[in-house]
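Structure first, commentary second.
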Number of protein chains: 2
Amino acid sequence: MTDTAIRNGVDTATLFATLDAVKATPEAARFQFRAENEWVSGTHNRSTIYRFFGVGEERTHERVFELDADHPAVLVGHDNGPTPVEYLLHALAACLTAGLANIAAARGVRLTSVTSTVTGDIDLNGILGLNPEVRNGYQNIAVQLTIDGDGPPEVLTSIAKQSRARSAVFDIVTNGVPVTIDVATN
Amino acid sequence: MTDTAIRNGVDTATLFATLDAVKATPEAARFQFRAENEWVSGTHNRSTIYRFFGVGEERTHERVFELDADHPAVLVGHDNGPTPVEYLLHALAACLTAGLANIAAARGVRLTSVTSTVTGDIDLNGILGLNPEVRNGYQNIAVQLTIDGDGPPEVLTSIAKQSRARSAVFDIVTNGVPVTIDVATN
């Protein structure tokens, strides 16, 4: 483990080896991620995250992750977890930050701190069905990123731009994805 | 607490009172949700969910929620949490299920079980920058919902349809939201 191989906690040798492996076998890059959700009571429900598919085979995380979601009391819930729309903001922040660390490592830039605040403005007249002019989702999302590291501001800013340009969640949230819903009743 | 007032764990009297209050004061429905994220190491980072704005004032959850995100080893991480794109699937499942419980309660339908599996297909040639034809985000997302409750299949299915029609996360993920990113460097 040398200063060159591990940067920002990223094993850059493995990162580049992974890139080379996918270049050689593009099919390895096909992944499927999954969440299994179960209703608990009211607006409280829980997802289990464990299995996924990638690099040609079924895989599992090292442990089972359980995520509780709920509404706060002001939205007629019991606050047993973040709201679904807060989880979405977290997903966006997490994707941008993971990308930043990888890209900085690949470019040989040592980061010392990355923090962000993500805010989403929503008018609940949409989901409450009280105003057909108001959309259900966020009207806009704002990300405030603060980066500290061994590099001039323009280098750190260009790493942030590249992270946005290569972020899965940024693409999903800004461009949308087709979603199919199938319903079975017992 | 009568059988009529609490259904599916939803306090329907409070639910209808909230709807009436927002009808009277539409401005109360303006909310802002937030995630504060901090990089830990490599692809591992952590969001704190606590403060939000709604019904005219700053509010907090009953406790601080901390969410760890990471990549699994096969994606050059250390599996300290779900991936950002898995959090997004959870957000979608959680939003649809919370809506289902509320809508069923409002319609007087008792639910006994709601489960869902949400899958997202992604080709990492996009985020790895190896194929400009491939998008960064999911190519498609599929939700398999299974609902059990006191009602004929068509009633349960219509509740699921209404949940989709009023879901904040479904709207965000299918239609997209404008996202601004501001970067500060220290």
Side-chain angles (χ1 to χ4, degrees), chain A residues 9-10 15 29 33-35 37 39 41-43 45 47 49 62 65 69 76 79 82 84 86-91 93-95 97-98 114 116 118-120 124-125 127 136-138 140-143 145-146 148 153 156-157 160 166 168-169 171-172 176-181 183-186, chain B residues 9-10 15 29 33-35 37 39 41-43 45 47 49 62 65 69 76 79 82 84 86-91 93-95 97-98 114 116 118-120 124-125 127 136-138 140-143 145-146 148 153 156-157 160 166 168-169 171-172 176-181 183-186:
Chain A
V10 176
L15 182 62
F33 291 104
R34 301 161 193 160
N37 186 274
W39 175 56
S41 178
T43 51
N45 59 77
S47 286
I49 310 277
E62 287 172 28
F65 299 115
V76 202
D79 223 359
E86 288 169 319
Y87 273 109
L88 186 126
L89 300 180
H90 161 61
C95 195
T97 298
V114 181
S116 58
V118 184
T119 58
L124 301 185
N125 282 293
I127 63 170
N136 294 322
Y138 286 126
N140 51 73
I141 294 174
V143 181
L145 256 173
T146 304
D148 197 354
L156 300 178
T157 301
R166 284 283 162 252
V169 178
D171 173 27
I172 295 165
V177 172
V179 177
T180 58
I181 303 183
V183 181
T185 55
N186 286 332
Chain B
V10 176
L15 182 62
F33 292 104
R34 301 161 192 158
N37 186 274
W39 175 56
S41 178
T43 50
N45 58 78
S47 287
I49 310 276
E62 287 172 28
F65 299 115
V76 202
D79 222 0
E86 288 169 318
Y87 274 109
L88 186 127
L89 300 181
H90 161 60
C95 195
T97 298
V114 182
S116 58
V118 184
T119 59
L124 300 184
N125 282 293
I127 64 170
N136 294 321
Y138 285 125
N140 52 73
I141 294 174
V143 181
L145 258 173
T146 303
D148 197 353
L156 300 178
T157 301
R166 283 283 161 253
V169 177
D171 173 28
I172 295 164
V177 172
V179 178
T180 59
I181 304 183
V183 181
T185 57
N186 286 329

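Because the structure is a prediction, the values reported are computed rather than measured. Note on naming: letters A, B, ... go to the chains in the order of the sequence lines (proteins, then strands), and numbering restarts at 1 for each one. All heavy atoms count here, side chains included; hydrogens, waters and symmetry mates do not.
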Quick check for you: among V76(A), T180(A), L156(A), T43(A), which has the greatest number of heavy-atom pairs under 4.5 Å with chain B? T180(A)
Could you list the residues that satisfy side chain to side chain contact (heavy atoms under 4.5 Å, CB included) with R166(A), not counting sequence neighbours? Q162(A), N136(B)
Provide the closest heavy-atom pair for T119(A) versus R34(B) in the form atom of the first, atom of the second, distance. CG2-CG, 3.6 Å
Heavy-atom pairs under 4.5 Å with chain B are the metric here; pick the option from V179(A), D79(A), L89(A) that has the most. D79(A)
Residue selection (most heavy-atom pairs with chain B, distance under 4.5 Å) from G9(A), C95(A), S116(A): S116(A)
Choice from D148(B), T146(B), V118(B) maximising heavy atom contacts with chain A below 4.5 Å: V118(B)
Let's test your reading of the structure: which of A184(A), S41(A), A142(A), A93(A) forms the most heavy-atom pairs below 4.5 Å with chain B? A184(A)
Options I49(B), L124(B), N37(B), L145(B), ranked by heavy-atom pairs under 4.5 Å with chain A, top entry: N37(B)
Would you find a donor on one side and an acceptor on the other, under 3.5 Å apart, between the side chain of N140(B) and the backbone of P178(A)? no
Largest heavy-atom contact set with chain A, pairs under 4.5 Å, which of T157(B), N45(B), V10(B): N45(B)
Evaluate the side chain to side chain contact (heavy atoms under 4.5 Å, CB included) criterion for residues I141(B) and L88(B): first the C-alpha distance (whole Å), next the side-chain angles of each, then the deciding distance (0.1 Å), finally the verdict. CA-CA 10 Å; I141(B) 294 174; L88(B) 186 127; 4.1 Å; yes
For each of I127(A), V177(A), T185(A), I172(A), tally heavy-atom pairs with chain B at distances under 4.5 Å, and name the one with the top tally. V177(A)
Max heavy-atom pairs within cutoff under 4.5 Å with chain B, candidates P153(A), A168(A), A69(A), goes to A168(A)
Relative to the ring of Y87(B), is the ring of H90(A) parallel (under 30°), tilted (30 to 60°) or perpendicular (over 60°)? perpendicular
Counting only heavy atoms closer than 4.5 Å, note whether A160(B) contacts chain A via side chain, backbone, both or neither. side chain
Relative to chain A, which segment of Y138(B) carries a heavy atom at a distance below 4.5 Å: side chain, backbone, both, or neither? both
